[in-house]
Structures are given as C-alpha cells and as structure tokens.
Amino acid sequence: MTALVDEHPRLGVECVLRELHIASSTYYRWRRAEKEPCERRRRDVELTERIKEIHAESGGNYGSPRVHAVLRSHLIWRVCGSR
C-alpha cells in the first residue's frame, strides 16, 4: 500500500486512501512500522541472519530440522518450528 503512494506522489496520500477506503491512521501506522520495526520484527531479522549463517557453514547441506537443532543446542534463541 505504501509503495502505491510512493510510486504516484502526484495523486496525494489522502486521495489514494479515500479511493481505497483505508483510514489515514492505518496508512501512517504502516509508514511508522517501516521506519521503526517492532521488537518481533527485529528479532526475526536477527534469527534469519543466523539461520543463513548456519546453512552456509554446513555447505548448504542442513535443512530446517538440523538448523533448528543447531539453534536449540547453542541456546541462541528459543525457537519453535513455526518461526
């Protein structure tokens, strides 16, 4: 949604929001979330980087079960299968 407004700045934010039936508060909350990610998003980024490192260190051989086991064995993060 924010990409649409960024691509067409001449239309104006309020006009686009009105046409899409989106409250301006929702739009500005999305904008703030892009600039200041919440704690969960920051942890997810860190976790993703660590997963990439483990996968690369294994020579690309480890799949999700082994990567998960490595994360748990090092007690780096408390992770569950859905994350």
Taking only residues two or more places apart in sequence, or in another chain, which ones meet Arg31 in a salt bridge (charged side-chain N to carboxylate O under 4.0 Å, His left out)?
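Only Asp6, Glu34 meet the salt bridge (charged side-chain N to carboxylate O under 4.0 Å, His left out) criterion with Arg31.
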
Quick one: side-chain contact (heavy atoms from CB on, under 4.5 Å) partners of Val45, sequence neighbours excluded?
none

Ser24: side-chain contact (heavy atoms from CB on, under 4.5 Å) partners, not counting sequence neighbours:
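Glu14, Leu17, Tyr28.
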
Side chain proximity check, Val16 to Ile22, heavy atoms < 4.5 angstrom
no

Judged by atom type as modelled, is there a donor-acceptor pair below 3.5 Å linking the side chain of His55 to the main-chain atoms of Tyr62?
yes

Strictly distance-based, threshold 3.5 Å: is any side-chain N or O of Arg50 a donor or acceptor partner for the main-chain N or O of Leu71?
no

To the closest 0.5 Å, what do you measure between [atom1] ([X]) and [atom2] ([Y])?
X     : Y     : atom1 : atom2 : answer
Arg66 : Ser73 : CZ    : OG    : 12.5 Å
Glu53 : Ser58 : CD    : OG    : 12.0 Å
Arg42 : Leu47 : CZ    : CG    : 15.0 Å
Thr48 : Arg41 : OG1   : CZ    : 10.5 Å
Arg18 : Leu11 : CZ    : CG    : 11.5 Å

Applying salt bridge (charged side-chain N to carboxylate O under 4.0 Å, His left out), run through Glu46 and Arg43 and close with a yes or a no.
CA-CA 5 Å; Glu46 291 175 23; Arg43 283 188 313 220; over 6 Å; no

